[in-house]
Structure formats: structure tokens, C-alpha cells
Amino acid sequence: MSHIQSLLQPFKLSTFTAKNRVLMAPMTRARSTQPGDIPNALTAEYYSQRASAGLIITEGVPVAPGAKGYAFTPGIFTDEQQAGWKLVTDAVHAKGGLIAAQLWHVGRISHHSVLPEGQPPVAPSPIRAQAKTFAFDEQGNPGMVDCDEPYLLSEKGIARVVEEFAQAARRADAAGFDLVELHGANGYLIEQFLSVSTNHRTDGYGGSIANRARFALEVVDAVSEVLGAQRVGIRLSPWCPPFVNDMDFSSEAGEITLYLAEELSKRNVAYIHLAEWPGANYTTEFRQQLRDKFNGTIIVCGGYTQETAQQTIDTGLIDAIAFGKHFISNPDLPERFAQGAALAEPDPSSFYGGADKGYTDYPFLSK
């Protein structure tokens, strides 16, 4: 096997066989049908174009009306949304692809204009994020607005959110998804419980590492009960920097991640997916500790090239690499890697919202 080829070879992902180790990262594209935040035929075309990925992980999918933080993001809490996602999974499966739904609750990274009846967002503690989200201004125009101050989730409210994740998993199963990924990264609700900067609770969900990890593990358990743990992954982002939704992980970021890894390994979940922000402390020692504590697939994502992805796979500490922007503008990314072809550059002005331009109109090598 050549140096480059192992990135492009099939590998075992839980009970599935992925056709390669080049995965498609979750990326918000904000193109759902309105009203109703419904995935549509264009969504299905976009994802099916990229079915050569070893696994497609969808954009973040709000699990309930109150989980939403961004305008035009497709949900998975209504019959119409479920039917829309069925169009997507059918199209991906028709091309031999695997697809996971990224189940998402944004917590405090939200604004009343995108929430039911203009209610405020929820969070583990009532600490307002010094961050912006894509919602509506006072005139009803979409754009970046300041996040609202959240209200404290009661223990009863936490139980309700856990059940919302479980119900979303039921709908994901009915919609034909192969797996689900829990969004526990980038400053959203699960990570808000994990970090001492956003979790000041004094009950059983705050304080110690075990208490702050409790919510994440309760969600994992609830979703695993629906789907089986072998169909559940989670995305984490230890050392998430402050410029990402006003997060501030202390020096214990590695410690809490390794605690979670050990607990997730006991549960036999399919994978851990690490979002690697610039400056993150992903040392070889940490990667080895993670490998030692977790018995499932380990995925990383964060500015990789074909060469650096292969080098990382070669360490034996990482199983697959997720690519974001490269998959936006190169729907046949694995084939381009195989041929050593030049990569097309994406157009940032079309990342969010719009129609087919910058979404489904990027060319394939063969066209």
C-alpha cells in the first residue's frame, strides 16, 4: 500500500464499513425550506453529490424548537422535517454512501427571534455569551445579532432536553440515517455543561468533572437506548478557544475529555470526533491517552490537507479525518485525492443561505 493510499482504503467504523477515511465534516449551510426549516430536494442533491465520503456528517440539526440558534437550519422535530431528511438519506444510500445526523442543541448561543414565542434560550447557568448568532434584527432582517441572556435549566428542564435528543434519534432512525452524532463541541449546550466557564451549578450537574459530564452521558445513554450505542458518535472540542462562542476551557480540558472517553468506551459508542481549533493542545501524549481509554473510532477535523491527514493516520492514533471546506467545493474529494488533482477553492460568500450557487454547482473531475 502506498503512502497516500491508506487514507483512501475502507475501514471498520463500528458495525459499518466506510469506503475510505476521508469523512465529510458537519457544516451549517442554512438552506432549508421556509417556513418549517425543512430539508428539501436541493439538500438531498448536495449531500448525495458527496456520497463518496467514508461518512457524511450532516450540518447541525436542532432536536427541538427550543434547541435552535440559527435561522434557516433544518430541524428534525416535525413530520415534514423527517420526510425531508428521508429524501436526503435515500439519495445518499442510492450512491452507496453512509450518513450520520448531527443532533444539535445550541443552548445559550441563540436569540429570541428564532425561538418559539420569542422565549429566551436555555443554558446550564444564566450566563450570557459574548457572541453573535445568525437570527433576525428588530426589523425582521436576517443577520448577525447578539445572543440573548439565557435562563437556567432546572433539573426537570434537563430531563426534558434529554428526552428531546431521544425523540430526535427516533426520527433520525425513521428518516434512514445510519448513525447520529451528538454535537458536544464549539460552545453549544453539551459543552456548556462541561466547562467551568459556562457551568456554575451547585447541584448534581455542576462542580466536579463527573457532575459536569453527567448531562452529556445522560444524552448518550438516552440516544443509545433508541438506536444502540454502535450507531452513536459524539463531537467534542477540548481547548475550544474563547473566540468560538465565548468558551474558556481551563487546563482540565484534557482531563475531562479523557474522563468522557473512558465513560464512552464503557458504553461502546461508535466514535469520538474531535474538532481541533488552532492552538489546541493535541499532543502525541494526549492522543495516546485518548487511544488507550477509548475503544471506538477516533476522528479528527481541523484544517487538514491530504498530506497531513495521511501523516496523522500513519501514527495509528487516529482512524479517520473529517474535511469541511474542501468538501464544500470538491464534491468528489476522495477521487481528487486519489488522482492527486488540484482542489477547487470554496466561495465564502455562499457558505450560508441562498440556493444552488456555491452549494450544488461545484464541478466534479469527470464533468
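Enclosure of atom OH in Tyr352 is not indicated, since only 12 or fewer non-hydrogen atoms of other residues, nucleotides or ligands lie within 6.0 angstrom.
Counted by atom type alone, Asn268 and Asn295 present one or more donor-acceptor pairs between their side chains at under 3.5 Å. A side-chain donor from one of Ser6 and Gln310 sits under 3.5 Å from a side-chain acceptor of the other. His112 and Gln119 share no donor-acceptor pair across their side chains, judged by distance under 3.5 Å alone. Residues Gln34 and Ser32 have side chains that bring a donor and an acceptor to within less than 3.5 angstrom of each other. Side-chain contact of Asp178 with His93: a donor-acceptor pair under 3.5 Å is present, judged by distance alone. Judged by distance alone, the side chains of Glu335 and Gln339 do bring a donor and an acceptor atom under 3.5 Å apart. Side-chain contact annotation: Thr43 with Asn40, donor-acceptor N/O pair under 3.5 Å present.
Without hydrogens or angle criteria, Gln81 side chain to Gly36 main chain gives a donor-acceptor distance under 3.5 Å. Between the side chain of Thr360 and the main chain of Glu45, no donor-acceptor pair closer than 3.5 Å is present. No donor-acceptor pair closer than 3.5 Å links the side chain of Ser265 to the backbone N or O of Ala261. Not a single donor-acceptor pair under 3.5 Å links the side chain of Ser237 to the backbone N or O of Ala275. One N or O on the side chain of Thr198 and one on the backbone of Gln192 form a donor-acceptor pair closer than 3.5 Å. A side-chain donor-acceptor contact under 3.5 Å links Thr89 to the backbone of Ala175. With hydrogens and angles ignored, the 3.5 Å screen pairs no side-chain donor or acceptor of Thr308 with any backbone N or O of Tyr304. Without hydrogens or angle criteria, Arg50 side chain to Ile328 main chain gives a donor-acceptor distance under 3.5 Å. In this structure, Asp137 contributes its side chain and Gln139 its backbone to a donor-acceptor pair below 3.5 Å. Not one N or O on the side chain of Asn330 forms a donor-acceptor pair closer than 3.5 Å with the backbone of Phe327.
For Asp319 and Arg291, the salt-bridge test passes: some basic side-chain N is under 4.0 Å from an acidic carboxylate O. A salt bridge links Lys68 to Asp37: one of the charged nitrogens lies within less than 4.0 Å of a carboxylate oxygen. Under 4.0 Å is where a charged nitrogen must lie from a carboxylate oxygen, and between Arg287 and Glu276 at least one such pair does. Taking the charged nitrogens against the carboxylate oxygens, Glu262 and Lys266 have no contact shorter than 4.0 Å, which rules out a salt bridge. With respect to the salt-bridge test (charged N to carboxylate O, under 4.0 angstrom), the residues Glu252 and Arg212 qualify.
In this structure, Arg214 forms a cation-pi arrangement with Tyr205, its terminal cationic atom sitting closer than 6.0 Å to the ring centre and no more than 45° off the ring axis. Annotation: cation-pi geometry satisfied between Arg31 and Tyr359 (NZ/CZ under 6.0 angstrom from ring centroid, within 45° of ring axis).
Side-chain contact between Val106 and Leu189 is absent, with no heavy-atom pair separated by less than 4.5 Å. Two residues are said to be in side-chain contact when any heavy atoms from C-beta on lie closer than 4.5 Å; Lys86 and Asp90 meet this criterion. Contact check for Leu152 versus Pro126: side-chain heavy atoms found under the 4.5 Å cut-off. In this structure, the side chains of Pro346 and Tyr362 come closer than 4.5 Å at one or more pairs of heavy atoms. Residues Phe134 and Thr28 form no side-chain contact, since every pair of their non-hydrogen atoms from C-beta on lies 4.5 Å or further apart. In this structure, the side chains of Leu217 and Leu260 come closer than 4.5 Å at one or more pairs of heavy atoms. Considering only heavy atoms from C-beta on, Leu153 comes within 4.5 Å of Arg160 through its side chain. Taking the side chain as every heavy atom from C-beta outward, Ser329 and Glu345 never approach each other to under 4.5 Å.
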Step by step, would you call Asp148 with Arg108 a salt bridge (charged side-chain N to carboxylate O under 4.0 Å, His left out)? CA-CA 7 Å; Asp148 284 335; Arg108 68 179 189 157; over 6 Å; no

Cys240 and Glu191: CA distance, side-chain angles, deciding distance, side-chain contact (heavy atoms from CB on, under 4.5 Å) verdict: CA-CA 9 Å; Cys240 188; Glu191 188 166 71; 3.7 Å; yes

Go through Arg170 and Glu163 one step at a time and tell me if the salt bridge (charged side-chain N to carboxylate O under 4.0 Å, His left out) criterion holds. CA-CA 11 Å; Arg170 294 184 191 102; Glu163 175 52 32; 2.9 Å; yes

Please report the C-alpha distance between Ile299 and Leu274 in whole Å, then the side-chain angles of each, then the deciding distance to 0.1 Å, and finally whether the side-chain contact (heavy atoms from CB on, under 4.5 Å) criterion is met. CA-CA 6 Å; Ile299 303 163; Leu274 297 178; over 6 Å; no

His105 and Val161: side-chain contact (heavy atoms from CB on, under 4.5 Å), yes or no, with the steps? CA-CA 9 Å; His105 195 307; Val161 172; 3.8 Å; yes

Please lay out, stage by stage, how Ile313 and Arg21 fare under the test side-chain contact (heavy atoms from CB on, under 4.5 Å). CA-CA 9 Å; Ile313 295 296; Arg21 300 173 189 267; 4.1 Å; yes

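The distance from the CD atom of Glu59 to the OH atom of Tyr70 is 13.0 Å, given to the nearest 0.5 Å. His183 NE2 to Ile57 CD1: the interatomic distance, rounded to the nearest 0.5 Å, is 10.5 Å. Atom-to-atom distance recorded for Asp221:CG and Glu263:CD is 9.0 Å, nearest 0.5 angstrom. The distance from atom CZ of Arg128 to atom SG of Cys147, rounded to the nearest 0.5 Å, is 8.0 Å. Distance CE/Met247 to CD1/Ile109: 8.5 Å, rounded to 0.5 Å. In this structure, Arg336 CZ and Phe364 CZ are separated by 9.0 Å, a value rounded to the nearest 0.5 Å.
Listed here is the closest heavy atom pair of Asn245 and Ala131: CA-CB, 4.0 Å. Contact detail for Ala25 and Ala322: the closest heavy-atom pair is CB-CB, 4.0 Å. Listed here is the closest heavy atom pair of Leu115 and Pro65: CD2-O, 3.7 Å. Nearest heavy atoms, Gly54 versus Asn20: N-OD1, 2.8 Å.
Side-chain heavy atoms closer than 4.5 Å link hydrophobic residues (I, L, V, M, F, W, Y) into clusters, and following such links, even through other members, never connects Val114 to Val145. Following chains of ILVMFWY side-chain contacts shorter than 4.5 Å, one cannot reach Ile56 starting from Leu13, and the two form parts of different hydrophobic clusters. Residue Leu236 is not grouped with residue Leu55 when hydrophobic side chains (ILVMFWY) are merged at heavy-atom distances under 4.5 angstrom, including chains of intermediate members. Linking ILVMFWY residues whenever their side-chain heavy atoms come closer than 4.5 Å, directly or via other members, places Phe294 and Phe286 in the same cluster. Note on Ile234: it clusters hydrophobically with Val300, by side-chain heavy-atom contacts below 4.5 Å among ILVMFWY residues.
Considering Phe215, Phe193, Trp104 in turn, Trp104 is the only one that fulfils the ring pair (Phe, Tyr, Trp, His ring centres under 6.0 Å) rule with Tyr188.
When ring centroids are compared, Tyr282 and Trp277 stay outside the 6.0 Å threshold. In this structure, Phe337 has its ring center under 6.0 Å from that of Phe323.
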